[in-house]
2 protein chains.
Amino acid sequence: MNNQNTRVVLGRRPVGEATPDCFSIETEELQPLTEGMVRVAVEYISVDAGTRTMLKGEGFHNQVGLGDTILASGVGRVIESTVADFKPGQAVRGGLCAQTIATVPANMLEPIDDSTAPLSAYMGILNGSTGITAWIGMHHIAKPQAGEIFVVSAAAGAVGSIVGQIAKLAGARVIGIAGGKAKTDYLLNDLGFEAAIDYKNEDVSARLRELAPDGINVFFDNVGGPILDAVLDNLALRARVVICGAVSQYDDMDNITGPSMYLRLAERQSTMEGFAYFHFPESFAQAEAELAQWLADGSVVLPESILDGIERYPEALQFMFNGGNIGKLLVKAG
Amino acid sequence: MNNQNTRVVLGRRPVGEATPDCFSIETEELQPLTEGMVRVAVEYISVDAGTRTMLKGEGFHNQVGLGDTILASGVGRVIESTVADFKPGQAVRGGLCAQTIATVPANMLEPIDDSTAPLSAYMGILNGSTGITAWIGMHHIAKPQAGEIFVVSAAAGAVGSIVGQIAKLAGARVIGIAGGKAKTDYLLNDLGFEAAIDYKNEDVSARLRELAPDGINVFFDNVGGPILDAVLDNLALRARVVICGAVSQYDDMDNITGPSMYLRLAERQSTMEGFAYFHFPESFAQAEAELAQWLADGSVVLPESILDGIERYPEALQFMFNGGNIGKLLVKAG
């Protein structure tokens, strides 16, 4: 048995972009397990935009200390246990962090059933910050209706891809905003969105006016910044704006640019509503069951971008913020 | 009979603050009335923050052309008429503009009953952009509940004064934000608010944390800018933010500062909802009846600040933006 854990450690707090030199890769000898602890061989680590906000050293999110392992969700299998409920071989997920072998209290782990969906799906479509977030945002907040013009930003990302597909299932007309031709092609050809806007090469506001001359009914925002302003400027009367995230702003949370077009909310009699999936624990089971069903019957797809090797985690995080990936970004740890 | 109209004209478009030198006072001879027109001796002209946005020359609001009379609501009495429905002596209100004698199409006028409330009240508590706006924002959007912590900005202004009093009637605990001791004294002593914050001399965020350590449930915002951010940073879970206006931003509508704290909406599972009173025409009659009743029985008061003389309209507009007035600001035209 491997007696070493390889982990990704915060070396210095990033100023602006979280570049790979902010992190270091360290190995440590495994210690004997103490009572109540479980040891997990990590298979996949989730790479999430929200991680950036945990590197700041302050705020409401969990924070990563200097020299500590980067907080991250992961899936893996139990290899050693002091607890009867978690036998070796059991598939689990939880806050396993960016490392190859996680030693964690049993109460931080959730057993998962990898006969209904592959392990990696539990970090993607069945994950809290991905598919569950999309489902909860759509079910509780956005509530898309047939025929509505529905716009989603970061549409080729892990949340955006699923959000747009759920809107399509509800009969809405879906416009996705993403960066680059590979992504807009993916939205049109693989996900079947009605239209796609390449914000890196097109004027978002002008394209929205052209695609939705009567205005946008629902906007599901993952990015903030100028894209949020462009959509606010094109809202229909009584529109709903859902604030899920603001990936454009996470590099500098001390200097967030607020939406200068927010007064359109008054002019267009519209709402802006934020949410975080963890405020809806009563819906997790329903969300997971419905998403697993959609995944199984092909109603919803979620491609994975997988970088192989724990040492590539810093690169993966940068890749995400540079908008490189389509679908769910994972690091394969073991 | 006076054969001259004295009017306030836009001389140049303001850049930044709308100073009195942007306006000129002109007189003109009255022309014979043409068919369908009514002539009104204007008594009171409403001075409204929204007027600033009409001087820009673009946008969704009505716009004032160079050399044109400033758009404004007013009340007065018919002095000459070509229309049977409007006899001389009839009290009316409408878009009479900043002038002493308005010559307008009959279909732009609404007859009012000055036996139930004084004429000036129809520009204050019974006015669309004042009392009716407050009532509609509270009834349809804010919906304050007993025991909730309710914050209102520009709390000593015409809308804010009424908003806070309606919140009190609903049993909410009302905190008003206003500038200067005269206004905070007014909120505490005359309106009976539970607390008042002087944003010119106090740290709004620190005071909110002190007054509402468990967070703010409802915020009714008339000002935008740093005050909006301070309240967003102190929201309770599942809070409601109502966007009525943004008087801090109207001097430079091309460079509005959006709320940089808007991501608190997601973290605190909260909504931000805008409204404009004219989207609720079906509620005007109920609003007016209820407000007139509250005014008559003393449940709600609205002090008036009146500047005497049409030539003082430009000064009144500047006075409003410098935050000088308590309650409803009017110019007495005749």
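All figures in this text were calculated on a predicted structure; none of them were measured in a lab. So that the names make sense, note that chain A is the first sequence line, chain B the second, and so on, each numbered from 1.
Nearest heavy-atom pair across S260(A) and I256(B) is CB-O, 3.1 Å. Here the closest non-hydrogen pair linking G224(B) and Y262(A) is CA-OH, 3.3 Å.
Residue contact with chain A, scored on non-hydrogen atoms closer than 4.5 Å, is absent for R240(B). Within the 4.5 angstrom heavy-atom criterion, no atom of L235(B) approaches chain A.
With a 4.5 Å cut-off on side-chain heavy atoms, Q269(B) and I141(A) count as touching. Contact annotation: the side chain of I243(B) never approaches that of E267(A) to less than 4.5 Å [non-hydrogen atoms, C-beta and beyond].
Chain B forms the most heavy-atom pairs under 4.5 Å with one residue out of T257(A), D229(A), L263(A), and that residue is L263(A). Annotation: maximal heavy-atom pairing with chain B below 4.5 Å, among P259(A), A246(A), A276(A), occurs at P259(A).
Rounding to the nearest 0.5 angstrom, the gap separating the CG atom in L265(B) from the SG atom in C244(A) is 13.0 Å.
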